[in-house]
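I have placed the structure first, in the form of structure tokens, so that the comments after it can refer back to it.
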Amino acid sequence: MASGEVFDTKTKSLSVPRVNLLTMFRLGLFQMGLSMMSILTLGVLNRVMIQEIAIPATLVSVVLALPLFVAPSRVWFGQISDAKPLWGYHRTAYVWVGAAIFAIAAFLAIQVMWQLNLAATSAGGWVWTTQTIGWTALLALVFAIYGLGISASSTAFAALLVDISEEDNRSKVVGVVWSMLMVGIIVGAIISGSLLKQLTPEATVETLQGAVNRLFFIVPAIVFGLAIAATLGVEKRYSQYSTRSTLVNREDSITLGNAWKILTASPQTGIFFTFLLVMTISLFMQDPILEPYAGQVFKMPLAESTKLNVFYGTGLLIAYGVTGFYIVPRLGKRRTARLGCMLVAFCAILLAISGFTANAAVLKLSLFFFGLATGFLTTGAISLMLDLTAAEAAGTFIGAWGLAQSISRGIAVVIGGTVLDIGRNFLPSQELAYGLVFVLEAVGMVLSIWFLNRVNVTEFQTSTKQAIASVLESDLD
């Protein structure tokens, strides 16, 4: 490659194979698996620890957020997958190894949780003792390892999507792949509900332990299999034609230092990073409190509250399919994301109001609409994110965007649990305490629009291409 030359995807030969619909759906199996794992951690464990075991919501939210707070590793994992192939693959092997780590860690986490429960029970209730501190620390460590596995696999996977797609078909890839994430939410909720259906509010801890252990053995095993099935052979067939692979063999070309220069070349990187932070915090603040909300305000048993994700996931699934193929091509990515922010704010208020009805049907309908709104927002935002990703350093940029999303989701989980505890202490009813969380979500969504309006894709692409050309030219000197 000549000094300073940057590959232009528009000059690709028409004979280059493009990702077909079947491959998109197969890739979506990985996202399906990730959402099934999310159901386990934020759809089952939060309810068990907050309500059945009675651990303080703030502590639960901090522990469950730890997998997200290790997100700085995503930038490193992304840069490593760019530069250092594992077993001959830049992406696939990282996906598989990460999936194995988080599947094993999920099962270990539940075993530590039972030990924490025994320690708390022996003390006559939740108090800080040597035993509870020790088991809490171990649980935090296991969740951090779980997060590292998620970071490694999901960063490499998202970079693979950049490698094999082009700007003109990226919204379709996002629509199909992320629609499978919603299928995973629905499937995960159904499996969880089926394996936990024998549990009643009066079930003993021993009965609860047996059912939850079985759930945390079966689902992680399925998810690991889905990760392999999703990516097997894809990188070998499609990624060889990507922008990244047309560059010189650059195992040493783009070091971590050079990657940082490219990452910070455009002010737009910081603007979009901030948008992702604010938007994601606002979108996921209800994650740690939704199932307890259903149990304490709507009096739903564990199995029924877990199935709430079916309504949310159905809305998301419909929105992903419609938005990726019809809305984004017509409105554009940024306008679609802006519309999604407004719709999410409205639906968060609906969730708050539903608590005053004490009617489970109203909650389920509100969650369906919240899923629709979230689908509009995430399809637009993710499509925009992939446009704000230089293919020559896809892993590095995906790592940065993943860092923004994971850190903010971790902050959202902590905020959700903490605000709930504050509301319980200072507000006169459970409905108002939970409603406070949803109202804060709506306010955050309005704020995220302000940052979104300042994103400029053209400016980003120009600045970043110049930085990449400079880095490659300096390496050739």
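What you see is a predicted model; the values in this text were computed from it and never measured. Sequential numbering from 1 along the given sequence is applied to the chain's residues.
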Would Leu66 and Val70 count as a side chain to side chain contact (heavy atoms under 4.5 Å, CB included) here? Give the steps. CA-CA 7 Å; Leu66 281 174; Val70 299; 5.8 Å; no
Does Val455 offer a backbone N or O that forms a donor-acceptor pair with the side chain of Arg334 under 3.5 Å? yes
Within a strict 4.5 Å, meaning less than it, do heavy atoms of the Thr231 and Arg91 side chains meet? no
Should Phe102 and Ser153 be marked as a side chain to side chain contact (heavy atoms under 4.5 Å, CB included) after you check the CA-CA gap, both sets of side-chain angles, and the distance that decides it? CA-CA 9 Å; Phe102 71 65; Ser153 58; 3.4 Å; yes
Using every non-hydrogen atom in the two residues, find where Gly33 and Val223 come nearest and quote the distance to one decimal. O-CG2, 3.4 Å
Does the Arg26 side chain pair with the main chain of Ala229, one donor and one acceptor, at a distance under 3.5 Å? yes
How long is the straight-line distance from CZ of Arg338 back to CH2 of Trp450, given to the nearest 0.5 Å? 14.0 Å
Indicate the atoms forming the closest heavy-atom contact of Ile281 with Ala412, along with that distance. O-CB, 3.3 Å
Give the minimum heavy-atom separation between Val142 and Ala105, together with the two atoms involved. CG1-O, 3.3 Å
Is the closest side-chain heavy-atom distance between Phe451 and Leu276 below 4.5 Å? no
Are more than 12 heavy atoms from other residues, nucleotides or ligands located less than 6.0 Å from atom CZ of Arg454? yes
Shortest non-hydrogen contact between Pro220 and Met37, atoms and distance: CA-SD, 4.0 Å
How about Thr92 and Trp87: do any of their side-chain heavy atoms sit closer than 4.5 Å? no
Any side-chain heavy atom of Leu34 within less than 4.5 Å of one from Ser154? yes
Does the pair Met445 and Met342 meet the rule for a side chain to side chain contact (heavy atoms under 4.5 Å, CB included), with working shown? CA-CA 7 Å; Met445 275 298 159; Met342 292 185 287; over 6 Å; no
Has Thr280 got a side-chain atom pairing as donor or acceptor with Leu277's backbone, closer than 3.5 angstrom? no
Using side chain to side chain contact (heavy atoms under 4.5 Å, CB included), reason through Ile101 and Leu148 one step at a time and then give a plain yes or no. CA-CA 8 Å; Ile101 291 172; Leu148 290 173; 5.7 Å; no
Quick check: Phe157 with Phe30 (ring centres under 6.0 Å apart)? yes
Hey, does the side chain of Gln286 reach the backbone of Val437 with a donor-acceptor pair shorter than 3.5 angstrom? no
What's the spacing between Leu116 CG and Leu139 CG if we round to 0.5 Å? 6.5 Å
Aromatic rings Phe143 and Tyr146: how do their planes relate, parallel, tilted or perpendicular, breaks at 30° and 60°? perpendicular
Any chance you could measure Leu226, atom CG, to Met36, atom CE, to the nearest 0.5 Å? 6.5 Å
May I ask you to decide if Met285's main-chain N or O and Glu441's side chain share a donor-acceptor pair within less than 3.5 Å? yes
Ala319 and Gly375 have their tightest heavy-atom pair at CB-CA, 3.6 Å
Does any part of the side chain of Leu290, heavy atoms only, come nearer than 4.5 Å to the side chain of Tyr312, both counted from C-beta? no
The reported gap from CG in Leu372 to SG in Cys347 (rounded to nearest 0.5 angstrom) is 7.5 Å
Would you say the side chain of Asn213 lies within less than 4.5 Å of the side chain of Gln111, judging by non-hydrogen atoms? yes
Between atom OG1 of Thr323 and atom CD1 of Ile318, what is the distance when rounded to the nearest 0.5 Å? 10.5 Å
CG of Leu283 to OG1 of Thr378, rounded to nearest 0.5 Å, is 7.5 Å
Taking the side chain as every heavy atom from C-beta outward, state whether Trp96 and Leu232 have any pair of such atoms under 4.5 Å apart. yes
Is a side-chain donor or acceptor of Thr379 paired with a backbone partner of Phe376 at a separation under 3.5 angstrom? no
Hey, does Leu377 have a side-chain heavy atom less than 4.5 Å from the side chain of Leu343? no
Side-chain H-bond candidate by donor/acceptor type, Trp135 with Asn117, under 3.5 Å: no
